[in-house]
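Taking it in order: structure first as structure tokens, then the write-up.
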Amino acid sequence: MQRQKSKTKIRRSSARKYAKSTQFNSTLKRFTLAIKRLSPSWQACLPLACLIVLGWGYVAVAQTPAPAGPTTAELKVAIDTLWVAIAAFLVFFMNAGFCMLETGFCRQKNAVNVLAKNLIVFALSTVAFWAIGFGLMFGDGNDFIGLSGLFLSGVDNSPATGDAYKGVFSALSWTGVPLAAKFLFQLVFAGTAATIVSGAVAERIKFVDFLIFSLLLVGIAYPITGHWIWGAGWLADMGFWDFAGSTVVHSVGGWAALMGAAFLGPRIGKYQDKQAVALPGHNMSIATLGCLILWLGWFGFNPGSVMAADPNAITHIALTTNMAGAVGGIAATAVAWLYLGKPDLSMIINGILAGLVGITASCAYVNIPSSIVIGLVAGILVVFSVPFFDKLGIDDPVGATSVHLVCGIWGTLAVGLFSVGPGGYPWLVDLAGKPVGPHGLFFGGGFGTLIPQIIGILAVGGMTVLLSTIIWLALKATLGIRVTREEELEGLDIGEHGMEAYSGFVKEASHGGFSEGSSSGGISSGGDIPSTL
């Protein structure tokens, strides 16, 4: 019986194997037949397809596990770098604002010249600051000047910070971003200082002289005084504070502009019978656009100076910046209305810029009510500063000296008056978490912060005046810094560039609207009124 059952199982198993074998052979025959029906080209592709499938399978089995994602520290560096880059782009866009503002405030016969200066100055600044300026300003050296890092070279292990940093740019070891980001952000600041000069010397300076002066300002003068403050120099050691550059950038540009305007002398027709005569700008529309672009750019200028994506610091600084600019514009409008009899648009524009310049040094150190006071005073100052310089015989077509120098000085003083003190805000700490920061006179700090601010204003002003005077006098003695009377009357667009900004448009009544026989540049009855052809 047992043998019978075993034989039965064997027969059944054999039957199943035979059936499977028959089915397999049948399938194989059909597959072989299908392959034979393919064209030779398709048949040749089959081995290649098999190799690809086998290769994919091997890679899938042999690959190593995916590496872990970026660490928190790496993400912080990436986010901080992104913010610094965006802020630098905003400050770079301020060049367009200066371009529009200065062109609109000048006469149409000089529009090309103003545009050309504002365009080329940043290109020159880029080369000069890369080659020498950045090293002089932030390179390791002594308390007066940097002596390393020329051509952006030297040891550097950014984004390491504090004691972990090993390099030649120790003054910037407090910010944890790559060296390229540090340089880019400081470059756009340097370019801004040079651009300030352009407006004050407009409509009568030789193009080549302005280019040479810009190179020397950005390559030498600006970095030396900047090293004293931002390069861990002697003013920083003394306790001088300037968060985003009321002195480092704006006052330096303002002092250089003042000396340039003084050595050039006033434009033909600016003074008649010893009285200053207004020479209206030709396009207030683009001047207003320029103001708005600059206002936008200031949200990179001031908040970007944190050089880290600290949400509390960035938003607070943006608010104090915006508030000071807004109140500055309101104050200038009201005072100009009372003082001049009309709400002058040029004063409104300069009032906004005055408030923005005024808050630049203290934007991270003061509260919102203090920023209102700072902007208010700046807006009032600029209205009276413009006619003051006119009475001194300083012809500044765009009011750059009043906005950047006068309000830059006020903004620097404001640090010593309104700052909340060390640890007053979460970001007012050093890398070790120790509270730092200026303490203003009106907030219980005494004169401990105010006195270094005054010394810094005088020191930076004295050095910038000295270096600017040397450069301007050297240019005046060699190349001559002013165009001829004929060129000035005809317009620098033709004399310096051989083109017009508004070719085919209605021109002014005469060359600049001035009679050839005007003594000391007195204006003719035509003034700047366009012809009505």
Side-chain angles (χ1 to χ4, degrees), residues 95-128 191 194-217 257 260-261 263-270 279-287 289-290 395-398 400 472 475-516 518 521 523-524 526-531 533:
N95 286 281
F98 280 113
C99 217
M100 295 295 96
L101 180 74
E102 294 176 15
T103 303
F105 274 171
C106 292
R107 291 165 292 177
Q108 67 179 35
K109 63 182 181 180
N110 299 309
V112 168
N113 181 256
V114 175
L115 293 169
K117 286 190 301 179
N118 278 276
L119 187 59
I120 195 64
V121 70
F122 188 77
L124 292 171
S125 298
T126 297
V127 176
T195 306
I196 291 169
V197 181
S198 172
V201 300
E203 302 199 295
R204 73 266 199 208
I205 191 173
K206 289 183 178 179
F207 189 66
V208 65
D209 289 87
F210 175 76
L211 301 185
I212 295 172
F213 182 84
S214 298
L215 275 172
L216 296 175
L217 177 68
F263 283 116
L264 276 169
R267 293 167 290 172
I268 297 173
K270 178 62 180 177
L279 302 179
H282 82 284
N283 194 330
M284 297 306 292
S285 298
I286 63 172
L289 174 62
D395 182 14
D396 182 350
V398 304
W472 285 123
L475 291 173
K476 189 173 184 178
T478 54
L479 300 175
I481 58 176
R482 184 159 180 160
V483 299
T484 64
R485 175 183 175 85
E486 290 72 23
E487 284 182 296
E488 187 173 343
L489 290 173
E490 184 181 27
L492 273 64
D493 289 2
I494 298 297
E496 289 281 302
H497 305 279
M499 63 175 61
E500 296 176 303
Y502 303 98
S503 180
F505 284 66
V506 175
K507 304 297 188 295
E508 294 173 349
S510 62
H511 292 314
F514 307 116
S515 61
E516 293 293 338
S518 301
I523 65 170
S524 69
D528 280 304
I529 302 173
S531 61
L533 299 176

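Numbers here simply count residues along the sequence, with the first being 1.
- By the 6.0 Å contact criterion, CE on Met284 is enclosed, its count of non-hydrogen atoms from other residues, nucleotides or ligands being greater than 12.
- Atom CD1 of Ile481 and atom CG of Leu264 lie 4.0 Å apart (nearest 0.5 Å).
- In this structure, CG on Leu211 lies 10.5 Å from CG on Leu475, to the nearest 0.5 angstrom.
- Residues Ala194 and Phe210 share a closest heavy-atom pair of O-CZ, 4.2 Å.
- The shortest heavy-atom contact between Ala111 and Tyr502 is CB-CE1, 4.1 Å.
- Evaluation of the salt bridge (Lys or Arg N to Asp or Glu O under 4.0 Å) test over residues 206-217, restricted to residues two or more places apart or in two chains, returns none.
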After noting the C-alpha distance and the side-chain angles of Met100 and Leu115, does the key distance pass the side chain to side chain contact (heavy atoms under 4.5 Å, CB included) rule? CA-CA 8 Å; Met100 295 295 96; Leu115 293 169; 4.0 Å; yes

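- Rounding to the nearest 0.5 Å gives a distance of 11.5 Å between CG of Asn283 and SG of Cys106.
- Val197 places none of its side-chain heavy atoms less than 4.5 Å from the side chain of Val121.
- Of the listed residues (Glu203, Glu496, Glu488), just one forms a salt bridge (Lys or Arg N to Asp or Glu O under 4.0 Å) with Arg482, and that residue is Glu488.
- To the nearest 0.5 Å, atoms CZ (Arg107) and CG (Asp493) are separated by 11.0 Å.
- Distance CG/Leu124 to CD1/Ile120: 5.0 Å, rounded to 0.5 Å.
- When all heavy atoms of Ser198 and Glu102 are compared, the closest pair comes out as OG-OE1, 2.9 Å.
- Proximity of a side-chain donor or acceptor of His282 to a complementary backbone N or O of Thr103 within less than 3.5 Å is detected.
- Checked against salt bridge (charged side-chain N to carboxylate O under 4.0 Å, His left out), Asp395 has the following partners two or more places apart in sequence or in another chain: Arg267.
- Between Asn118 and Cys99, the closest heavy-atom pair is CB-SG, 3.6 Å.
- Judged purely by atom type and a 3.5 angstrom limit, Asn110 has no side-chain atom pairing as donor or acceptor with the backbone of Gly491.
- At a threshold of 4.5 Å between non-hydrogen side-chain atoms, the residues Val398 and Leu101 do not count as touching.
- Judged by distance alone, with hydrogens and angles left aside, the side-chain atoms of Lys109 form a donor-acceptor pair with the main-chain N or O of Leu489 at under 3.5 Å.
- Of the possible donor and acceptor atoms, none in the side chain of Arg485 sits under 3.5 Å from a partner among the backbone N and O of Ile268.
- Within the model, atoms CG of Leu217 and CD1 of Ile196 stand 9.0 Å from one another, a figure rounded to the nearest 0.5 Å.
- Put simply, the side chain of Phe122 does not reach to within 4.5 Å of the side chain of Thr195, judged on heavy atoms.
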